[in-house]
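Written out below as structure tokens is the structure these notes cover.
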Amino acid sequence: MPKLNLRNKVPSNIIRTIFNKDLQILKDEARQPQVRVQNISWPSEASVQIDGITIGECRRALFYRIIGVKETDPMTLIGQGICDAGNLYEKYHIDKFKKHGIFLDEQVAVEFLIPNSRNSIQIRGRIDCIVQNEDGSRDALELKSISEYKAAKIIDGVTPLPAAHNLMQAMLYKYYLSQTEQGKQLHVDNVYLMYINRSNGMTF
């Protein structure tokens with residue numbers, strides 16, 4: 001029986017074509033950066049300084065992003081693929097919530113002014129999903145897909161602990177839901193971070 005050389009059967013021209021098209025789209029998007037208002041901040045960019053150490057978003061990177069400096073380390077196709085995979089995992093679980101009859105809303109807008117901020121800093125974001133429990137209480141969910149490397153620290157560690165910037169994001173949502181008039185109208189009791197391990201689908 002003749003041997004089948006699979007290497008010669010791979011349609012490399014198709015893969016090359018897809019790669020080049022994806023790369024062109026990525027470059028086109030990079031030329032059209034999102035207009036950024038300097039006093040607007042997203043919860044996912046939260047950071048805090050503890051004893052001179054920044055935890056969360058890099059303040060220097062955030063500063064340059066706000067003033068519109070071109071990135072020296074732009075998004076790669078692999079990075080874009082990871083972001084797209086995260087969106088697929090999010091959609092999968094939200095569809096599951098809908099199937100189980102606990103889904104209430106998704107991509108819920110969050111917008112509030114930080115009290116006593118000198119520059120009138122405005123927080124803007126979107127809560128991934130709101131679900132309703134059997135007892136009628138409501139929970140907000142922020143879905144995060146993570147790599148096996150991060151899962152080992154966040155999910156599988158001796159003391160499982162959310163990533164600091166994720167925790168700060170959830171805290172800003174919690175503030176909005178419990179301390180602002182618009183947020184209180186949603187009647188959400190808790191905010192949860194739901195982690196999904198991209199390697200094996202495990203949730204935590």
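Note that these values count all heavy atoms, side chains included, but never hydrogens, waters or copies made by symmetry.
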Gap separating the CD atom of E45 from the CD1 atom of I40, nearest 0.5 angstrom:
11.0 Å
Decide whether L172 and I121 are clustered together by the hydrophobic rule: side chain heavy atoms of Ile, Leu, Val, Met, Phe, Trp, Tyr closer than 4.5 Å, transitively.
yes
If you group Ile, Leu, Val, Met, Phe, Trp and Tyr by side-chain heavy-atom gaps below 4.5 Å, do I50 and M168 land in one group?
yes
Check for me, please, whether L143 and L193 land in the same ILVMFWY cluster - side-chain distances under 4.5 Å, paths through other members count.
no
Looking at P115 and Y175, what are the two nearest heavy atoms and their distance?
CG-OH, 3.1 Å
List for me each residue that meets side-chain hydrogen bond (donor to acceptor under 3.5 Å, both in side chains) alongside Q122, sequence neighbours excluded, and say none if there are none.
E111, R124
Should Q132 and H187 be marked as a side chain to side chain contact (heavy atoms under 4.5 Å, CB included) after you check the CA-CA gap, both sets of side-chain angles, and the distance that decides it?
CA-CA 10 Å; Q132 183 163 296; H187 304 290; over 6 Å; no
Could you tell me whether a side-chain N or O of D189 sits under 3.5 Å from a main-chain N or O of R138, the two making a donor and an acceptor?
yes
Would you say D135 has more than 12 foreign heavy atoms packed within less than 6.0 Å of its CG?
yes
The side-chain hydrogen bond (donor to acceptor under 3.5 Å, both in side chains) partners of K91 (sequence neighbours excluded) come to D95
Is it the case that over 12 heavy atoms from other parts of the model lie below 6.0 angstrom from the NZ atom of K174?
yes
Side chain to side chain contact (heavy atoms under 4.5 Å, CB included) with I18: of I15, I14, N20, only one passes, and it is I14
Working to the nearest 0.5 angstrom, can you tell me the gap between S147 OG and N197 CG?
8.0 Å
Taking all non-hydrogen atoms of both residues into account, name the closest pair between P43 and G125 and its distance.
CD-CA, 3.8 Å
Shortest non-hydrogen separation from I154 to P162 and the atoms involved
CG2-CA, 4.4 Å
Roughly how far apart are F103 CZ and H93 NE2, rounded to 0.5 Å?
15.0 Å
Please round to the nearest 0.5 Å and tell me the distance separating atom CZ of F112 and atom OG1 of T180.
7.5 Å
Group every Ile, Leu, Val, Met, Phe, Trp and Tyr by side-chain heavy-atom contacts under 4.5 Å, then state whether I123 and Y173 land in the same group.
yes
Non-hydrogen atoms of A140 and I127 that approach each other most closely:
CB-CG2, 3.8 Å
Go through M194 and T203 one step at a time and tell me if the side chain to side chain contact (heavy atoms under 4.5 Å, CB included) criterion holds.
CA-CA 7 Å; M194 178 176 172; T203 58; 3.9 Å; yes
Look at the side-chain heavy atoms of Ile, Leu, Val, Met, Phe, Trp and Tyr, link any pair under 4.5 Å apart, and say whether F204 and I146 land in one connected group.
yes
Testing the basics here: between G56 and S47, what is the closest heavy-atom pair and its distance to 0.1 Å?
C-CB, 4.1 Å
Rounded to the nearest 0.5 Å, how far apart are CG of D128 and CG of N87?
9.0 Å
Please tell me if the side chains of I82 and I78 come closer than 4.5 Å, counting only heavy atoms from C-beta onward.
yes
Is there a donor-acceptor pair under 3.5 Å between the side chain of Y89 and the backbone N or O of R198?
yes
Between atom CG of D105 and atom CZ of F97, what is the distance when rounded to the nearest 0.5 Å?
13.5 Å
Going by atom types only, do Q169 and E57 share a side-chain donor-acceptor pair under 3.5 Å?
no
Restricting to salt bridge (charged side-chain N to carboxylate O under 4.0 Å, His left out), what partner residues turn up for K98, sequence neighbours left out?
E106
I'd like to know whether CE of M171 has more than 12 heavy-atom contacts from other residues, nucleotides or ligands below 6.0 angstrom.
no
Just to verify, which of V110, V108, L104 counts as forming a side chain to side chain contact (heavy atoms under 4.5 Å, CB included) with L186?
V108
